[in-house]
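Counting convention: from 1, in listed order, for ligands and their atoms alike.
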Amino acid sequence: MPERPNRGIVVSLKAIPHAPGRSRPIHRETSNFGMTKKRGKHQRGQAAGKVDTKSAATASQAAHEPPSAARWARAAAEIADAVPHDVQAPPARQAAEGIVTIQPGQVCDLSAIDPNADGGLDKEASRQALATERARIQTLQERLYAEHRRSLLVVFQAIDTGGKDGTIRAVLEGVNPQGCRVWSFKVPSAEEADHDVLWRYHARTPGRGMIGVFNRSHYEDVLVVRVKGLVPEETWRERYGLINDFERMLTLSGTTVLKFFLHISKDEQKERLEARIADPEKHWKFDPADLIERKSWDAYQAAFADALTHCSTPQAPWHVVPANRKWFRNLVIARTIADTLEAMDPQFPEAAEGISGMTVPD
Ligand code: AMP
Ligand code: MG
């Protein structure tokens, strides 16, 4: 096993076989701190150098030192160096026309946004345009999955009957299920409630190459929790900052965060609830608790507006989607997802050398 010094630390190199879906073979280096890091091929050249006996001596001496603040500081620098700088997610692209994006620092006034807006689009033409946007998403998703470097997290929030499930069904139809996971967040389980507020969400963020969808999300902890008074105000207020830090951390780790608020009117909610009562095939969707929640309509609107105001950041602004008209909602969301994936510009990995021209034996 070749050994070489790396900033005064003895490092052993172990090649990991080329894994499917990976863009390049990865070498894992184990330092004498017992920490591992991955390096792409552009850094491998450095790692292949000859042993520098002077540094090796320093390293060997370091290996016998008791743990000290200085040693941990060196380890921290090593780890920081190992974080791939080139996976930072690009900032979310501008949303499709018809969506209102809350700019960082802007106060969100939901009453000023018309839930009936349809951008003057034609219903039938929009249905056809949706098929085109879906095809774009499908093509780009294959690249994202093959590239295996970045990920996309799509967050949906809305009041009851706001259309989260219908949007997910319409927009993600035809996407390869292997590269996409949808998570619905309900009242926290006992185990979830025993952990920190972001634990259950963080555990479900998309890995490299994946599209993750949150049907409800970490925002519930500043929405329903606030409206129902489940924690004191100072606790949910503190969460805006925690959420911004969480999303920034995800962005720095290569996850683009795209957040949609589906904006419906109170009259539209009444119609949708009535439709669920009238149609036996929709009874399963009807939750009598929704009638109680409806009484808190204004409190929910205030909680949504505050969350959108405080958590619209440059890397992850909120997009308000006029959502009374389902066909319009589906089209502009699909278009924004496709545009965002296009801006991420995922690339198929480099083929291993010598593939073209190979022959397959009989
Ligand atoms: P549904 O999405 O209609 O199946 O309902 C899920 C329910 O779980 C809704 O009433 C949400 O308000 C509730 N819920 C989701 N997250 C939380 C949370 N963190 N705390 C309390 N209730 C929640
Ligand atoms: Mg419900």
Peer 1: What part of V187, side chain, backbone, both or neither, has a heavy atom within less than 4.0 angstrom of ligand 1?
Peer 2: both
Peer 1: Should the pair R237-E233 be classified as a salt bridge under the 4.0 Å nitrogen-to-oxygen rule?
Peer 2: yes
Peer 1: Using a strict 4.0 Å cut-off to heavy atoms of V225, name the atoms of ligand 1 that fall inside it.
Peer 2: 20 (N)
Peer 1: Consider side-chain hydrogen bond (donor to acceptor under 3.5 Å, both in side chains). Of R200, E247, R239, which one does H218 pass it with?
Peer 2: E247
Peer 1: For P188, take its heavy atoms, then give the atoms of ligand 1 lying under 4.0 Å from any of them.
Peer 2: 17 (C), 18 (C), 19 (N), 20 (N), 21 (C)
Peer 1: Should you measure from each heavy atom of Y201, which atoms of ligand 1 turn up under 4.0 Å away?
Peer 2: 19 (N)
Peer 1: Quick check on contacts: which atoms of ligand 1 are under 4.0 angstrom from a heavy atom of R200?
Peer 2: 16 (N), 17 (C), 18 (C), 19 (N)
Peer 1: Could E124 and R127 be called an ion pair, given the rule that one side-chain N must be under 4.0 Å from one carboxylate O?
Peer 2: yes
Peer 1: Over 60° means perpendicular and under 30° means parallel, so tell me whether H202 and F246 are parallel, tilted or perpendicular.
Peer 2: perpendicular
Peer 1: Identify the closest protein heavy atom to atom 22 (N) of ligand 1: which residue and atom is it, and at what distance?
Peer 2: V224 CG1, 3.6 Å
Peer 1: Just checking, is any N or O donor in the side chain of R150 or T255 under 3.5 Å from an acceptor N or O on the other one?
Peer 2: no
Peer 1: Check each atom of ligand 1 against the heavy atoms of D221 and keep those under 4.0 Å away; list them by number with element.
Peer 2: 19 (N)
Peer 1: For R335, is there an ion pair with E342 - N to carboxylate O distance below 4.0 angstrom?
Peer 2: no
Peer 1: Are more than 12 heavy atoms from other residues, nucleotides or ligands located less than 6.0 Å from atom CZ of R181?
Peer 2: no
Peer 1: I'd like to check whether L230 has a polar contact with ligand 1, where a contact means an N/O of the residue lying under 3.5 Å from an N/O of the ligand.
Peer 2: no
Peer 1: Of the listed options (K285, H218, R216, K186), which comes nearest to atom 9 (C) of ligand 1 when hydrogens are ignored and any heavy atom counts?
Peer 2: R216
